[in-house]
Amino acid sequence: MKVDTRALAARGLAEIALRGASLREVMQRDAPKLADPRDRALLMALLSEGARWWLRFDAAVDGLLEKSLRHKDPAVHALLVLGLVQLEILELQDYAAVAATVEAVRALKRPQLAGLANAVLRRWQRERSSLLARLDAKAQTRHAHPQWLADALQRDWPAQAEAVMAADNGEPPLMLRVNRQRSERDALIGQLRAAGYEAAAHPWLTDALVLPHSGDVTRMPGFEDGHFAVQDGAAQVAADLADLRDGLRVLDACAAPGGKACHLLERADIDLTALEFDAPRAERIRQNLMRLRLDAKLVIGDAGAPKAWWKGQPFDRILIDAPCSATGVLRRRPDVRLHRRESDIAAMHAQQRRILSALWPLLAPGGRLVYITCSVLRAENEAIVGELLATRADAEVVPFSLPAGQPAATGWQILPGDGDLDGMYYAVLQKRH
């Protein structure tokens with residue numbers, strides 16, 4: 001019996017939005033249930049856009065019902081949200097979107113609610129203008145961002161807050177990183193174009209390729225042979241800031257899933273230690289190293305407690321991709337906006353401070369430390385680096401600028417959408433001799 005894609009998406013979205021499940025895990029679990037790649041692509045679109053726009057259309061569905069279905073029938077409630085997403089975001093034909101959604105209610109074994117679903121979506125179509133105006137009147141439903149985050153963006157980036165939230169709601173391009181050890185960028189672009197992909201070189205990132213839309217990268221030429229990896233351009237900046245040369249001892253702390261570690265290894269012949277606290281996430285580093293034919297020392301350990309794993313030999317370079325709120329990557333991880341809480345930020349701040357202060361002593365004199373987050377919140381970025389600078393006389397800032405983004409109080413902030421990149425913060429520190 002054929003699986004109904006929309007019903008499958010509704011169950012998954014209910015888990016993501018109402019029970020805190022990860023979009024990535026739901027997709028990995030449910031995609032194999034669909035044999036047709038077009039159905040798998042629709043599932044991904046429904047889950048991604050459903051999570052991205054949940055805070056807008058969840059409220060809209062409540063306004064269209066006399067009694068909420070959120071707790072009694074969460075999958076049907078999520079399906080109604082997806083019905084509005086199909087009409088407003090995916091812009092499917094009205095008849096097809098409504099009819100398919102009603103059919104999915106039956107696939108959820110709720111035939112008694114099919115008429116209600118049809119009535120709700122038809123009412124939305126009739127009253128669309130006034131209902132959209134009502135949603136647009138409040139920041140949370142206008143931008144589908146939690147109120148605390150909208151407020152934080154307005155506080156930290158008042159001139160850019162609206163643009164950031166708009167960028168969070170757009171489709172990001174697919175960005176690849178050529179593996180210099182296995183291929184050349186122009187050759188890879190040629191192979192991809194020959195296979196029908198619209199690949200182009202990034203204008204200023206020397207290893208980056210850009211494709212306008214996401215796709216199944218495992219089917220692309222060169223993937224199995226390790227010729228490239230998926231990595232947003234903002235994350236590719238790390239290898240430039242590390243200022244590598246052959247023979248250096250390098251620590252990549254909080255290294256999973258291994259994108260930056262692999263990029264460093266592709267750039268120079270270095271002795272790299274990839275440190276990760278979580279063993280299952282460390283396995284992803286190992287898998288990426290194997291596919292790209294790269295070699296590193298993989299260590300399971302706490303970056304904030306180096307006595308348990310450090311052997312006493314200083315590192316010439318340290319990369320800290322610190323655990324953070326992930327508020328800079330909402331366009332790629334739309335479920336984060338549903339799961340992150342304002343109360344998380346203080347705990348993140350404490351963790352970031354602990355890791356940075358613990359690893360600074362491991363840096364050799366004259367060495368360079370690159371501090372990174374995929375956050376746009378100043379409390380996780382220049383505030384953390386500023387604290388270290390205030391307490392360590394041997395730390396000095398290495399100034400730099402990038403073609404995208406803007407200077408922060410210390411370091412550099414790329415906001416979501418700057419240069420069509422993800423949001424990411426960088427600071428470079430050097431230890432005085």
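All of these numbers come straight from a predicted model, not from anything done at the bench. Note: hydrogens, waters and symmetry copies are ignored here, and every other heavy atom, side chains too, is used. Counting begins at 1 with the first residue of the sequence.
A salt bridge is defined here as a Lys NZ or Arg NE, NH1 or NH2 lying under 4.0 Å from an Asp or Glu carboxylate O, and R331 with D168 fails to meet this definition. With salt bridges taken as basic N to acidic carboxylate O contacts below 4.0 Å, one links D216 and R219. Salt-bridge annotation for E387 and R353: present, with a side-chain N of the basic residue lying under 4.0 Å from a carboxylate O of the acidic one. A salt bridge is absent between R6 and D4; no separation between the charged side-chain nitrogens and carboxylate oxygens falls under 4.0 Å. Electrostatic pairing of D94 and R122 does not count as a salt bridge here, judged by no charged N lying under 4.0 Å from a carboxylate O. Taking a cutoff of 4.0 Å between a charged side-chain nitrogen and a carboxylate oxygen, D58 and R70 qualify as a salt bridge. Salt bridge annotation for K260-D252: absent, with no cationic side-chain nitrogen under 4.0 angstrom from a carboxylate oxygen.
Cation-pi contact between R378 and Y425: absent, since separation from the ring centre below 6.0 Å together with deviation from the ring axis within 45° is not met. A cation-pi arrangement is absent between R340 and W148, since the terminal nitrogen or guanidinium carbon is not both under 6.0 Å from the aromatic centre and inside a 45° cone about the axis.
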Query raised in the report: Do R337 and N169 pass the side-chain hydrogen bond (donor to acceptor under 3.5 Å, both in side chains) test, and can you show the C-alpha distance, the side-chain angles, and the key distance before you say yes or no?
Result: CA-CA 11 Å; R337 72 183 74 193; N169 290 334; 2.8 Å; yes
Query raised in the report: Checking side chain to side chain contact (heavy atoms under 4.5 Å, CB included) for the pair R333/L23: CA distance, chi angles, key distance, verdict?
Result: CA-CA 8 Å; R333 295 176 57 193; L23 189 156; over 6 Å; no
Requested in this report: Take D30 and R11 through the test salt bridge (charged side-chain N to carboxylate O under 4.0 Å, His left out) and record every step on the way to the result.
Outcome: CA-CA 10 Å; D30 288 348; R11 290 193 188 96; over 6 Å; no
Requested in this report: Evaluate the side chain to side chain contact (heavy atoms under 4.5 Å, CB included) criterion for residues R267 and L264: first the C-alpha distance (whole Å), next the side-chain angles of each, then the deciding distance (0.1 Å), finally the verdict.
Outcome: CA-CA 5 Å; R267 282 287 186 90; L264 297 176; 5.7 Å; no
**Report entry** Step-by-step side chain to side chain contact (heavy atoms under 4.5 Å, CB included) determination, L251 to L359
**Finding:** CA-CA 10 Å; L251 172 66; L359 292 182; 4.1 Å; yes
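More than 12 non-hydrogen atoms from other residues, nucleotides or ligands lie less than 6.0 angstrom from CD of Q147. Counting non-hydrogen atoms of neighbouring residues, nucleotides and ligands closer than 6.0 angstrom, the CD atom of E396 exceeds 12 such neighbours. Atom CZ of F277 sits in a sparse spot, with 12 or fewer heavy atoms from other residues, nucleotides or ligands closer than 6.0 Å. A 6.0 Å sphere centred on CD of E25 holds no more than 12 heavy atoms belonging to other residues, nucleotides or ligands. No more than 12 heavy atoms of other residues, nucleotides or ligands shown are found within 6.0 angstrom of CZ on R24.
The salt bridge (Lys or Arg N to Asp or Glu O under 4.0 Å) test with D207 is passed by exactly one of R177, R180, R182: R180.
Between the side chains of W124 and E88, at least one donor N or O lies within less than 3.5 Å of an accepting N or O. In the model, Q160 has no side-chain atom that pairs as donor or acceptor with a side-chain atom of D418 under 3.5 Å.
Side-chain N or O atoms of H349 include one that pairs as donor or acceptor with a backbone N or O of A379 at under 3.5 Å. Judged by distance alone, with hydrogens and angles left aside, the side-chain atoms of R317 form a donor-acceptor pair with the main-chain N or O of A242 at under 3.5 Å.
For the atom pair CD of E198 and CD1 of I189, the computed distance is 13.0 Å after rounding to the nearest 0.5 Å.
Ring-centre distance between W54 and H145: not below the 6.0 Å cut-off.
Ring geometry for W412 versus F400: interplanar angle of 30 to 60°, hence tilted.
Taking 4.5 Å as the limit, every side-chain heavy atom of I320 sits out of range of all side-chain heavy atoms of I372.
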